[in-house]
Amino acid sequence: MQISSVGGMGLLDSLLGAEGRKSFKRKDSDAGEAGKALEELRGSLYNELRTSEGAKRQQQRFCGPVVAMTFNFFVAVGIILTNKLVMGRVGFKFPIFLTLLHYAVSWLLLAIFRTLSWLPVSPPAKTTPSSSIFLLGAIMAFASGLANTSLKYNSVGFYQMAKIAVTPTIVLAEFVLFRKTISFKKVLALGAVSAGVAVATVTDLQFNAFGACIALAWIVPSAINKILWSSLQQQANWTALALMWKTTPITIFFLLALMPWLDPPGVLLFKWDINNSCAILSSALLGFLLQWSGALALGATSATSHVVLGQFKTCVILVGGYILLDSDPGLVSLSGAVFALAGMSVYTSLNLKESKDGSNKQIPVQTPVSKTKTSENGSEDSTVIKTTNDV
């Protein structure tokens, strides 16, 4: 056997020659280096996710404002269509329980991520008071549950009118809590957006007293919910998934408490066949993606920008239906939608300009300044680098 092996190697050497042996060695070396580089990359990413600061950097790297808001836009449109199917054709009339299923599926998926070590590490407990996490979890239950309940008892038009009130509520709350102000140009742009959405949905303002109370009760929790999601991610190094993992159990607890008050009885008597269950499960999976994409958008932008994105979805659906599906919402509604889209464009351009100006202020610019230095032997010109900041 040893002689056969030696003979085989000699035959291979004679066939390949010196150049062939070198080629095989180079390929083995290249493959080894590629594998080593891949392992180093995987190791660095794994180590990066083991700290809250590193995980936050990765989230900012891969999910910037454009990616996060585009992700949230498409998921939101999908869940709107799915929930219309679930509450309409399927006949599932339990909005709080539907919201509860959304968060239960989200928590299950997050638990799987945690088991597989895919869940980013949370910041140290001392950096974020536990009361803030508890408050966010409780407010999420009211914001999400009351939103679905409002959509059940009110028309889409009145639901959108209530969402308009969220914008000034956020501006006022951020000023009270963080002394945050916005420019007069942004105020005008937001006013144009709100007015346009109001005109676009004015033809569908059907509501009842109970639905109106639910819509009014939803405005403040919705505004505070968006502000907390945005501030905790931007100021305390929380990532979207880590914050979802901490707050979802609290949200589920409060949704269980809300069910007897806002849902009708009979959820166990519902026809849980395969078709209905698949439709509800699809809604729950989209609910997880909506919560995740919404958290990413709030972490990458601001609470006000996220509200404007929601109003943008309404106008796009209205105008898109007219262009692509030959629907006729009326000249008044179309004019309002176009006016709102124009206001959103102005608001977005103002945000981009402020973001660019802020980046320029943070980047030091090196400008050479000529300075003459005199010594005993004579004068000698030297160039000194002066660091300034553009203001």
Side-chain angles (χ1 to χ4, degrees), residues 65 69 72-73 76-77 80 143-144 146-148 150-151 153-178 180-207 211-230 294 297-298 301-322 329-355:
M69 296 187 81
N72 184 242
F73 172 80
V77 172
I80 286 172
S144 303
L146 292 178
N148 284 337
S150 174
L151 193 58
Y153 288 100
N154 299 313
S155 65
V156 176
F158 189 81
Y159 175 75
Q160 293 297 332
M161 293 291 284
K163 287 179 70 173
I164 292 173
V166 175
T167 304
T169 305
I170 288 176
V171 174
L172 178 62
E174 286 186 330
F175 175 75
V176 172
L177 296 175
F178 307 112
K180 182 179 179 180
T181 59
I182 62 175
S183 65
F184 182 70
K185 292 181 180 179
K186 279 191 176 183
V187 172
L188 292 178
L190 291 173
V193 171
S194 300
V197 174
V199 172
T201 57
V202 72
T203 57
D204 186 23
L205 288 181
Q206 301 173 4
F207 67 97
C213 292
I214 293 294
L216 292 174
W218 165 78
I219 292 172
V220 173
S222 177
I224 301 299
N225 177 55
K226 295 178 185 300
I227 292 172
L228 287 177
W229 270 104
S230 182
L298 285 165
T301 57
S302 66
T304 308
S305 298
H306 191 255
V307 174
V308 173
L309 175 65
Q311 295 169 344
F312 173 73
K313 288 178 282 193
T314 302
C315 297
V316 167
I317 291 173
L318 187 66
V319 176
Y322 174 75
L331 181 61
V332 174
S333 295
L334 284 175
S335 300
V338 172
F339 187 71
L341 289 174
M344 293 171 196
S345 301
V346 174
Y347 177 80
T348 302
S349 65
L350 291 173
N351 272 343
L352 292 175
K353 184 179 178 181
E354 287 186 1
S355 178

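Everything quoted here is computed from the prediction, not taken from an experiment.
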Side chain to side chain contact (heavy atoms under 4.5 Å, CB included) between S302 and K180: does it pass, once the steps are laid out?
-> CA-CA 12 Å; S302 66; K180 182 179 179 180; 4.3 Å; yes
Compare all side-chain heavy atoms of V193 with those of F312 and state whether any distance is below 4.5 angstrom.
-> no
d(M69 CE, L298 CG) to nearest 0.5 Å is 9.0 Å
Which residues satisfy the side-chain hydrogen bond (donor to acceptor under 3.5 Å, both in side chains) test with N72, sequence neighbours excluded?
-> S293, H306
State the CG-SG distance between L146 and C213, to the nearest 0.5 angstrom.
-> 11.5 Å
Which donor-acceptor pairs under 3.5 Å do the side chains of residues 165-178 make with protein atoms, sequence neighbours left out?
residue : atom : partner : partner atom : Å
T169    : OG1  : A165    : O            : 2.7

S305 side chain reached by K226 side chain, heavy atoms, under 4.5 Å | no
Using side-chain hydrogen bond (donor to acceptor under 3.5 Å, both in side chains) as the criterion, list what pairs up with W218, not counting sequence neighbours.
-> none
Heavy-atom closest pair, residues A189 and G343 = CB-O, 3.8 Å
Is the number of heavy atoms from other residues, nucleotides or ligands within 6.0 Å of CZ (F73) greater than 12?
-> yes
Heavy-atom donor-acceptor pair, S230 side chain to I227 backbone, under 3.5 Å | no
How far apart are the closest heavy atoms of S150 and A215, and which atoms are they?
-> OG-CB, 3.7 Å
